[in-house]
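Report on one structure; see the data block that follows.
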Amino acid sequence: NAGVTQTPKFQVLKTGQSMTLQCAQDMNHEYMSWYRQDPGMGLRLIHYSVGAGITDQGEVPNGYNVSRSTTEDFPLRLLSAAPSQTSVYFCASSPVGLAGTDTQYFGPGTRLTVL
Amino acid sequence: GQQLNQSPQSMFIQEGEDVSMNCTSSSIFNTWLWYKQDPGEGPVLLIALYKAGELTSNGRLTAQFGITRKDSFLNISASIPSDVGIYFCAGQNNNAGNMLTFGGGTRLMVKP
């Protein structure tokens with residue numbers, strides 16, 4: 001079991017470039033989500049998915065797209081990178097049901113810098 | 001959106017000392033969670049609290065779910081160097097996707 005994996009670990013982009021942050025989990029979890037972490041602000045939810053084919057917006061969705069074509073994968077797309085998107089991005093997954101509350105697993109993160 | 005105020009923002013303590021940090025919210029949560037994050041890693045769950053007034057321990061860690069459901073605290077007893085890291089509180093309301101609202105974090109530094 002690899003848990004939640006994220007690639008790349010580090011990325012530098014120029015303003016206006018697009019890219020996809022990858023997230024995969026091998027625990028057959030229905031719920032997956034993306035957070036960004038900025039200094040002093042904790043983690044903020046960008047987008048989430050409750051199952052394959054279903055996505056919804058979180059607290060800070062602007063500038064990001066997601067899709068969930070399979071249970072395992074939940075990529076995050078930056079359409080036109082901006083310096084304000086410089087952050088550390090975390091993907092998380094959890095199983096369905098009340099028991100899922102205490103078993104949200106986080107990936108190791110992707111550190112993104114937009115110049 | 002909901003706001004979680006976590007304090008203190010940072011602490012620098014001597015090994016062996018006890019530590020206390022807390023979170024307050026402008027609105028209620030059904031679940032309070034405490035995570036620890038090491039450098040270069042994602043957050044790892046320490047303690048989960050599901051009922052108002054609940055007091056739960058995990059080794060040297062003790063956390064409580066406030067009666068009003070708007071606050072929680074985390075205590076660490078007899079701190080050791082490996083306790084160093086950033087501690088986050090998070091609230092959850094059993095909504096779709098198990099979404100979490102995080103506090104700003106408490107950076108703990110322990111002097112041997």
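Chain A is the first sequence line, chain B the second, and so forth, proteins listed ahead of strands; every chain is numbered from 1. Since the structure is predicted, the reported quantities are computational estimates derived from the model, not experimental observations.
Counted by atom type alone, Q6(B) and T106(B) present one or more donor-acceptor pairs between their side chains at under 3.5 Å. For S20(B) and N75(B), the side-chain atoms include at least one donor-acceptor pair closer than 3.5 Å.
Between H29(A) and Y105(A), the ring centre distance stays below 6.0 Å.
Using a 30° and 60° split on the angle between ring planes, Y35(A) and F102(B) fall in the perpendicular class, above 60°.
Contacts of L45(A) with chain B are made by side-chain atoms alone, with heavy-atom separations under 4.5 Å and no backbone atom involved. Heavy atoms closer than 4.5 Å to chain A are found in the side chain of Q37(B), but not in its backbone.
Interface check for chain B: of the options K9(A), E30(A), Q37(A), Q6(A), the most heavy-atom pairs under 4.5 Å are formed by Q37(A).
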